[in-house]
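A quick write-up on the structure given underneath.
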2 protein chains.
Amino acid sequence: MSTIKDVAAQAGVSISTVSRVINHPDSVVPVKRQAVLAAMQALDYRPNSLARALVSQRSDCVGLVVGEIDSPFFAQLMAGVHRVLLDAGKHVIVTAGYHQAEQERESIRFLLERRCDALIVHAKALPEEELAALLKGSTPVVLINHLLPEFEERCVYLDNEEGAYLATRHLLSRGHRRIGYIGSNRGIEDGADRERGYQRALAEFGLEADRKDQVRAFPDEAGGHDAMAEVLRRSPDLTAVFAYNDAMAGGAINMLKDSGYAVPEQLSVVGFDDVILARLLSPRLTTVRYPIGEMGALAAQLVLHDLEERFPAVEQPRRFTPRLIERHSVRQVSPDAN
Amino acid sequence: MSTIKDVAAQAGVSISTVSRVINHPDSVVPVKRQAVLAAMQALDYRPNSLARALVSQRSDCVGLVVGEIDSPFFAQLMAGVHRVLLDAGKHVIVTAGYHQAEQERESIRFLLERRCDALIVHAKALPEEELAALLKGSTPVVLINHLLPEFEERCVYLDNEEGAYLATRHLLSRGHRRIGYIGSNRGIEDGADRERGYQRALAEFGLEADRKDQVRAFPDEAGGHDAMAEVLRRSPDLTAVFAYNDAMAGGAINMLKDSGYAVPEQLSVVGFDDVILARLLSPRLTTVRYPIGEMGALAAQLVLHDLEERFPAVEQPRRFTPRLIERHSVRQVSPDAN
DNA sequence: AAGTGATTTGAAAACGTTTTCAAGTGGTGC
DNA sequence: GCACCACTTGAAAACGTTTTCAAATCACTT
């Protein structure tokens with residue numbers, strides 16, 4: 001691969017001049033500029049961005065750590081971040097933590113070693129002190145979905161409790177009184193927050209969350225399927241179920257239909273996230289919209305402002321509030337029928 | 001951020017020694033090694049991978065160009081590549097071409113400038129000459145889903161025609177004789193290949209593909225919805241439909257149900273890709289499995305072998321053959337009933 | 001005691017850029 | 001015809017590493 005030296009030689013100028021036509025084209029006289037351009041073309045020259053970043057101390061890259069690469073949820077996050085960063089001429093390097101502290105640590109280390117100008121991190125397994133230490137470092141970081149009170153303005157997050165509350169309230173307002181919860185067994189905060197929201201809504205109606213109405217499983221389709229079976233076994237009189245996420249809700253719905261239950265006629269289901277899937281399920285899933293794409297975009301704007309003054313500070317609050325999306329998986333029921 | 005010099009100073013050794021404890025720990029005497037390790041710890045030292053890559057001429061990164069970042073299909077591709085590369089100690093930089101030549105070109109340029117050791121490229125918009133030129137370059141490249149006869153062993157691809165043939169044959173074998181095709185309007189080869197497969201199957205049964213039974217639309221849920229409506233308007237007597245991908249099939253199914261059609265009782269549907277969605281739709285979608293994750297893994301093994309001899313050459317054929325996955329969206333029909 | 005060979009070390013060159021600085025060029029105003 | 005200035009240019013330093021090479025050290029052998 002040809003270097004700046006080759007180009008300089010071929011064009012009969014110094015390497016400084018070549019560098020200048022790359023970075024400040026106007027500062028070199030047209031005839032030489034043309035010669036350099038021609039030489040670059042002829043040699044298929046590509047500036048070595050490593051060398052460039054090394055001396056200029058900026059790579060124009062921002063690193064993104066997601067939970068996993070192949071999930072519709074994180075796909076939306078990546079897309080949101082990508083969109084605003086690409087427009088700004090930055091590039092994104094994506095890395096996955098796979099929900100394990102060690103992998104998350106390794107991902108962050110990789111990105112830092114690669115000298116990303118900033119990091120956007122979704123890491124739930126790492127201890128808070130480690131995250132705090134990261135925030136304190138010299139590389140700007142914004143955290144997704146992990147509120148560190150100490151660094152509130154650097155955290156973009158969703159009010160999970162409110163989301164679960166909304167979902168449960170919706171079920172309650174439709175007359176349901178026996179409502180199960182299909183949760184995640186991944187020991188992360190979201191889970192606890194959502195359970196709290198579920199319980200709060202129940203409490204408002206004078207109901208108490210029964211432990212046997214709550215089952216945790218791996219937060220995917222299969223987990224939803226199994227959890228649904230289990231919760232139904234334990235509490236056959238449930239009229240509705242709130243699921244930790246849409247994939248679990250989908251699995252639950254499948255399980256129900258397979259067992260001859262009609263959804264929502266016999267059992268109502270509410271999901272969480274509003275991934276594409278929700279619109280494709282049948283019945284179309286009533287769910288809580290998780291604006292993860294917009295959250296990614298906000299995080300991107302935050303780091304953009306850190307990186308260059310030409311990007312305005314963002315005034316928008318970092319806390320996002322979820323919204324209930326009503327579709328067809330919930331049915332009105334008479335509370336007295338229970 | 002501290003450098004190797006700082007570490008050397010703090011440990012009272014030369015930078016060569018520090019470099020050695022990083023790269024060949026056994027070659028430095030234990031007492032100094034400990035001192036260096038301690039200094040690194042104390043200073044939170046992280047080797048600058050840019051500098052390292054610059055001198056050693058290898059970045060341990062492979063670049064991956066996908067069609068778009070937020071699609072379940074490409075998510076599987078990324079995951080497959082990621083899995084084998086991470087195990088081998090390599091890192092992956094992902095970039096999206098968004099199905100536009102200019103974006104694809106830019107993505108490749110970025111990856112090349114960043115001095116990735118190898119590239120895995122899924123690009124359908126770029127002209128073949130450009131791809132061929134890329135393959136001829138000094139950086140090892142493997143192409144996904146784009147067969148360049150000139151570089152056959154560098155191309156990992158699916159036999160699209162066979163897939164469509166399988167799907168249509170399945171419908172035919174279940175008695176269907178009036179079969180519509182919901183295609184993609186993105187002018188890429190896959191589309192043409194799949195149409196050919198569809199026509200070939202039809203021809204084997206002495207049927208001719210009627211132009212009015214074929215509608216093209218944007219290959220997503222909404223496109224599938226609209227195309228289904230259109231094809232039904234044109235040819236109300238269809239008993240089955242083959243869709244370009246699962247998302248379109250999902251949209252089509254939704255459209256059908258909304259209009260009061262029962263699936264598969266009144267109309268059978270077959271998809272393509274077998275993304276997660278297919279299992280969650282109801283009825284569960286009969287579809288053609290696109291082993292894109294495995295294809296990504298194969299591509300990764302190919303580049304691994306290019307990069308280091310310790311990775312074995314891969315003997316496996318580069319051409320993947322799709323497989324029909326029977327689920328519940330196709331119904332047996334009596335051919336004579338038409 | 002001196003020589004041998006193996007081990008450990010540091011100095012310096014190299015990787016491919018950008019940037020600073022000073023020198024060179026040519027034009028302008030008097 | 002000369003001083004001044006603006007513009008353009010090249011040499012060289014710097015970025016943070018790895019690696020080569022030769023020097024230094026050390027333990028043995030004779």
Side-chain angles (χ1 to χ4, degrees), chain A residues 1-37 39-40 43-61 91 109-117 138-139, chain B residues 1-37 39-40 43-61 91 109-117 138-139:
Chain A
M1 187 148 295
S2 51
T3 75
I4 200 173
K5 259 186 220 166
D6 304 327
V7 176
Q10 168 119 1
V13 299
S14 75
I15 63 168
S16 323
T17 300
V18 177
S19 174
R20 269 184 283 259
V21 349
I22 297 170
N23 300 291
H24 317 282
D26 306 330
S27 74
V28 15
V29 84
V31 50
K32 295 202 180 179
R33 193 191 319 149
Q34 292 311 326
V36 169
L37 258 13
M40 296 198 323
L43 296 172
D44 187 29
Y45 168 68
R46 297 164 192 282
N48 183 324
S49 67
L50 303 176
R52 200 203 280 249
L54 186 59
V55 28
S56 63
Q57 303 282 38
R58 57 165 33 240
S59 62
D60 283 335
C61 271
H91 287 98
R109 193 161 57 87
F110 170 73
L111 264 8
L112 251 18
E113 286 184 0
R114 201 101 346 197
R115 292 303 186 268
C116 288
D117 296 334
S138 53
T139 304
Chain B
M1 185 147 294
S2 53
T3 75
I4 199 173
K5 259 186 223 166
D6 304 325
V7 176
Q10 168 118 3
V13 300
S14 74
I15 62 168
S16 322
T17 300
V18 177
S19 175
R20 269 184 283 258
V21 348
I22 298 172
N23 300 291
H24 317 282
D26 306 330
S27 74
V28 14
V29 82
V31 50
K32 296 203 180 182
R33 194 193 316 149
Q34 293 310 327
V36 169
L37 256 14
M40 297 201 319
L43 296 172
D44 187 30
Y45 168 68
R46 296 163 191 285
N48 184 324
S49 69
L50 302 176
R52 197 204 281 248
L54 185 59
V55 30
S56 63
Q57 303 283 35
R58 57 165 34 239
S59 62
D60 283 336
C61 271
H91 287 98
R109 192 161 56 85
F110 171 73
L111 264 10
L112 252 18
E113 287 184 359
R114 200 100 348 196
R115 291 305 186 267
C116 288
D117 297 334
S138 52
T139 304

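Worth saying up front: this structure is predicted, and the values here are computed from it rather than measured. Here is the naming used below: chain letters follow the sequence lines, and residue numbers restart at 1 for every chain.
If you check every strand for non-hydrogen atoms under 4.0 Å, A:Arg46 touches sugar and phosphate atoms only. Counting non-hydrogen atoms under 4.0 angstrom, A:Thr3 reaches the backbone sugars and phosphates but no base. As judged by a 4.0 angstrom heavy-atom cut-off over every strand, A:Ile15 is placed among the base-contacting residues. B:Ser16 comes within 4.0 angstrom of a base, heavy atoms only.
In this structure, A:Met1 atom CE and C:dC15 atom P are separated by 16 Å, rounded to whole Å. Atom C1' of nucleotide C:dC15 and atom CG of A:Leu54 are separated by 9 Å, given to the nearest angstrom. Here the P atom of nucleotide C:dT18 and the CZ atom of A:Arg58 are 14 Å apart, to the nearest Å. At whole-Å resolution of the value, CG in A:Leu112 and C1' in D:dG16 are 16 Å apart. The CD1-C1' distance, from A:Ile22 to C:dG16, rounds to 11 Å in whole Å. In this structure, the CG atom of A:Asn48 is 6 Å from the C1' atom of C:dG16, given to the nearest Å. In this structure, CD1 of B:Ile4 is placed 13 Å from C1' of C:dG10, rounded to the nearest angstrom. A straight line from NZ of B:Lys5 to P of C:dA12 spans 13 Å, rounded to a whole angstrom.
For A:Val29, the side-chain atoms get nearest to D:dT8 when compared with the rest of D:dT8, C:dC15, D:dC15.
Within the 4.5 Å cutoff, the side chain of B:Val28 has no heavy atoms near those of the B:Val36 side chain. Contact annotation: the side chain of A:Gln10 never approaches that of A:Ser2 to less than 4.5 Å [non-hydrogen atoms, C-beta and beyond].
Atom-to-atom distance recorded for B:Asp60:CG and B:Cys116:SG is 11.0 Å, nearest 0.5 angstrom. Atoms CG and OG1, from B:Leu112 and B:Thr139 in turn, are 5.0 Å apart once rounded to the nearest 0.5 Å. One distance of note links CD1 of B:Ile4 with OG of B:Ser14; it measures 8.5 Å at 0.5 Å rounding.
For C:dT9, the OP1/OP2 oxygens have a side-chain nitrogen or oxygen of B:Lys32 closer than 4.0 Å. Within the 4.0 Å cut-off from OP1 or OP2 of C:dT18, at least one side-chain nitrogen or oxygen of A:Asn23 is found. Considering only side-chain N and O atoms, B:Gln57 lies under 4.0 angstrom from the phosphate OP1 or OP2 of C:dG16. Side-chain N/O atoms of B:Ser19 include one lying less than 4.0 angstrom from OP1 or OP2 on D:dT18.
Both A:Ser2 and B:Thr17 sit near DNA chain C, but only B:Thr17 has its closest nucleotide nearer the 5' end. Judged by closest nucleotide on DNA chain C, B:Gly12 is the one of A:Leu50 and B:Gly12 placed further toward the 5' end.
Under 3.5 Å, the side chain of A:Arg20 and the base of D:dG10 form at least one donor-acceptor pair of N or O atoms. Side chain B:Ser14 to base C:dA11: no donor-acceptor pair is found below 3.5 Å.
Residues passing the side-chain contact (heavy atoms from CB on, under 4.5 Å) test with A:Arg115, sequence neighbours excluded: B:Met1, B:Arg46, B:Asn48, B:Leu50.
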